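Residue numbers begin at 1 in each chain, while the letters A, B, ... track the order of the sequences. Since we're looking at a predicted model, the values are computed, not measured.
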Amino acid sequence: MIDLKTLRDNPEAVRASQLARGEDPALVDALLAADERRRSTVAKADNLRAEQKIFSKSIGRATPEERPALLTRGKEMSAEVKAAEVEQNEAEVAFAAAHRRVPNIVQDGVPAGGEDDYEVLREVGQIREFDFEVRDHVELGEGLGAFDTERGAKVSGSRFYFLTGIGAQLQLGLLNMAAAQAMEHGFQLMITPSLVRPEIMDGTGFLGAHASEVYKLADDDLYLVGTSEVPLAGYHSNEILDLSSGPKRYAGWSSCYRREAGSYGKDVRGIIRVHQFDKLEMFVYTTPDQAAEEHQRLLGWEEDMLAKVELPYRIIDTAAGDLGSSAARKFDCEAWLPSQSRYLELTSTSNCTTFQARRLNTRYRDADGKPQTAATLNGTLATTRWIVAILENHQQPDGSVRVPEALRPYLGGKDLLEPVK
RNA sequence: GGAGGUGUGGCAGAGCGGCCGAAUGCACCUGUCUUGAAAACAGGAGUCCUGAAAGGGACCGGGGGUUCAAAUCCCUCCACCUCCGCCA
């Protein structure tokens with residue numbers, strides 16, 4: 001939810017943000033009107049309640065003779081209060097709905113427009129020239145005995161897979177390396193629940209435009225998380241944090257579940273786009289004034305990981321229309337995919353400013369000891385998908401794959417993955 | 001799955017349907033005293049909404065109900081604890 005102070009003081013900025021996202025600026029005015037109405041109904045109900053309260057107390061002190069008359073008037077007042085409260089309630093529900101309809105205010109500098117209007121910030125690393133026919137990750141992975149998509153489909157359906165042997169090791173190694181790096185920088189490692197309550201899923205903003213992406217367990221009223229961002233954002237909900245000694249940084253390890261509704265025919269081959277994968281995710285709680293700086297740090301840590309696995313990549317500043325509802329800015333790191341001669345998203349880091357924390361009621365105490373809404377950020381350190389880029393970029397003419405040096409200690413020292421057939 | 005119990009402010013722990021936003025203790029902050037501290041004494045101290053402010057309203061696990069009036073009565077959900085059963 002956006003900050004109401006900003007909305008009241010500078011509605012023009014919020015309208016501009018809506019336009020940049022390609023969304024309706026009229027929602028801003030609807031929200032302002034709903035806010036106005038809510039405040040007036042609150043005032044009315046408060047006043048009636050105050051009157052009733054005083055009157056009610058006088059009944060307690062009244063003599064038995066005066067009571068019946070007082071009770072009659074008391075009943076009337078009670079009815080008046082109830083009516084005002086109904087009005088107040090309606091106004092508050094309408095206001096909350098209008099509030100939720102407005103996504104986070106886009107940060108200055110974010111390119112306007114949709115999916116294709118991103119800005120490339122920089123390209124890092126050298127794209128490799130191959131003097132042989134490149135294999136795609138599926139061919140490579142099957143040759144190495146790293147995964148089995150056919151049996152994945154047999155057992156669970158399309159977009160499911162088994163990581164087998166070296167593939168499983170590769171994923172564990174990768175995530176372990178990510179976990180080690182995170183811990184080095186002071187992150188607390190967390191293994192998080194994969195199922196969360198509705199209010200947590202809702203609070204993180206995933207039940208808005210992307211609700212169809214989320215698996216729901218209707219019988220149990222729980223949701224399967226699409227990233228550990230969800231449980232980590234819920235971790236401190238309804239709490240007042242002590243951020244006086246710096247940000248709270250968590251690194252969540254979890255399986256992630258996505259329905260991939262509407263992506264039929266997209267990345268159907270292999271393990272690029274799947275219903276279930278594993279991820280190591282950074283999640284940070286900090287103060288709003290430090291959020292932008294922290295965002296750059298998260299990006300830096302993502303780049304460190306990409307350097308460790310020796311992948312060429314570019315960084316894009318995602319366009320406003322392609323941001324999630326909670327994000328004010330998002331940077332993606334996309335690795336080069338030789339088999340398709342295109343870039344493939346490997347990491348994504350979002351600055352949610354106070355938007356997400358406001359919904360989840362996560363605050364901190366400022367220098368004056370007053371509670372203020374915290375800022376939250378998240379960013380990817382490694383996922384199953386990284387295996388795709390690693391296999392393709394480090395493949396050899398014979399179908400073997402060179403293991404990047406930094407990853408070797410996590411694979412028992414192995415420097416080459418060799419075909420099993 | 002069955003039976004029972006508990007849920008009050010940072011912690012501990014009172015609380016008769018009206019005088020309870022809530023006793024008391026500890027912890028905390030500020031003064032006095034002291035060279036400084038401790039002790040003692042005095043005072044302060046929750047969160048949210050609303051309001052320019054003064055003030056007003058709400059909050060005793062969450063939600064709903066009864067009542068002129070609910071921390072206190074009723075319903076429901078959630079969490080925790082104990083016992084029995086079952087499964088790992």
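- B:rA22 and B:rG18 have their P atoms separated by 15 Å, given to the nearest Å.
- Rounded to a whole angstrom, the distance from the C1' atom of B:rG43 to that of B:rU47 is 23 Å.
- Nucleotides B:rG17 and B:rA69, compared at atom C1', are 8 Å apart to the nearest Å.
- In terms of phosphate contacts, A:Q52 brings no side-chain nitrogen or oxygen within less than 4.0 Å of OP1 or OP2 of B:rC68.
- No donor-acceptor pair closer than 3.5 Å links the side chain of A:D220 to the backbone N or O of A:L222.
- Of the nucleotides present, B:rU50 is the one that pairs with B:rG55 by Watson-Crick or G-U wobble criteria, both distances under 3.5 Å.
- The closest donor-acceptor contact from the side chain of A:T380 to the backbone of A:S348 lies under 3.5 Å.
- Atom P of nucleotide B:rC29 and atom CG of A:D368 are separated by 17 Å, given to the nearest angstrom.
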Which atom pairs link the protein and nucleotides 53-60 of chain B when you take only N or O atoms and keep those under 3.5 Å?
from: B:rG56; atom 1: N2; to: A:D46; atom 2: OD2; distance (Å): 2.8
from: B:rG57; atom 1: O2'; to: A:D46; atom 2: OD1; distance (Å): 2.8
from: B:rG57; atom 1: O2'; to: A:R49; atom 2: NH1; distance (Å): 2.3
from: B:rA58; atom 1: OP2; to: A:K53; atom 2: NZ; distance (Å): 2.8

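- With P as the reference atom, B:rU66 and B:rA70 are 11 Å apart, rounded to whole Å.
- Of the possible polar contacts, none joining the A:E293 side chain to the A:Q290 backbone as a donor-acceptor pair under 3.5 Å is found.
- Ring pair A:F162/A:F160: centre-to-centre distance not below 6.0 Å.
- Across all strands shown, B:rG85 remains unpaired; no Watson-Crick or G-U wobble contact has both distances below 3.5 Å.
- Rounded to whole Å, the P atom of B:rG25 lies 22 Å from the corresponding atom of B:rG7.
- Remark: P of B:rC28 and CG of A:D242 are 16 Å apart, rounded to the nearest angstrom.
- For A:L48 and B:rC49, the CG to P distance is 22 Å, given to the nearest whole Å.
- A straight line from CD of A:E76 to P of B:rC68 spans 12 Å, rounded to a whole angstrom.
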Return a table of donor-acceptor pairs under 3.5 angstrom between the side chains of residues 113-122 of chain A and protein atoms on other chains or two or more places apart.
from: A:D117; atom 1: OD2; to: A:G114; atom 2: N; distance (Å): 2.7
from: A:Y118; atom 1: OH; to: A:R314; atom 2: NH2; distance (Å): 3.2
from: A:R122; atom 1: NH2; to: A:E303; atom 2: OE2; distance (Å): 2.5

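- The separation between A:N238 atom CG and B:rG10 atom P is 13 Å, rounded to whole Å.
- When the nearest nucleotides of RNA chain B are assigned to A:N89 and A:D35 by heavy-atom distance, the more 5′-ward of the two goes with A:D35.
- Pair assignment for B:rU6 gives B:rA79, based on Watson-Crick or G-U wobble hydrogen-bonding distances that are each under 3.5 Å.
- When each of B:rA69, B:rC49, B:rC19 is scored by its nearest atom to the side-chain atoms of A:R38, the top-ranked nucleotide is B:rC49.
- Pairing of B:rG25, defined by two Watson-Crick or G-U wobble distances under 3.5 Å, is identified with B:rC11.
- Side chains of A:Q171 and A:T384: a donor-acceptor N/O pair is present below 3.5 angstrom, by distance only.
- In this pair, A:F147 and A:H137 present their aromatic rings tilted. The plane angle is within the 30 to 60° band.
- The separation of B:rA58 from B:rA39, taken at their P atoms, amounts to 40 Å, rounded to a whole angstrom.
- Put simply, the side chain of A:Y285 never gets that close to the backbone of A:L241: no donor and acceptor are under 3.5 Å apart.
- For A:S78, a side-chain nitrogen or oxygen approaches OP1 or OP2 of B:rA69 to under 4.0 Å.
- Spacing of P atoms, B:rA71 relative to B:rA23, comes out at 15 Å, to the nearest Å.
- A gap of 15 Å separates the P atoms of B:rU30 and B:rA45, to the nearest Å.
- Taking atom CD on A:E199 and atom P on B:rG62, their separation rounds to 14 Å, with Å as the unit.
- Enclosure of atom NZ in A:K44 is not indicated, since only 12 or fewer non-hydrogen atoms of other residues, nucleotides or ligands lie within 6.0 angstrom.
- Whole-Å rounding puts the A:E239 CD to B:rG10 P distance at 12 Å.
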Listed pairs, N/O of protein and of nucleotides 43-48 of chain B, under 3.5 Å:
from: B:rU47; atom 1: OP1; to: A:R365; atom 2: NH1; distance (Å): 3.2
from: B:rU47; atom 1: O3'; to: A:R363; atom 2: NH1; distance (Å): 2.9
from: B:rC48; atom 1: OP1; to: A:R363; atom 2: NH1; distance (Å): 2.8

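- Going from atom CZ of A:R39 over to atom C1' of B:rG51 covers 10 Å, rounded to whole Å.
- Here A:H275 and A:Y161 keep their ring centres 6.0 angstrom or further from each other.
- At B:rG18, none of the side-chain N or O atoms of A:K57 fall inside 4.0 Å of OP1 or OP2 (strictly under the cut-off).
- Pairing of B:rC33, defined by two Watson-Crick or G-U wobble distances under 3.5 Å, is not identified with any nucleotide.
- You'll find the side chain of A:D221 reaches within 4.5 Å of the side chain of A:K216, heavy atoms only.
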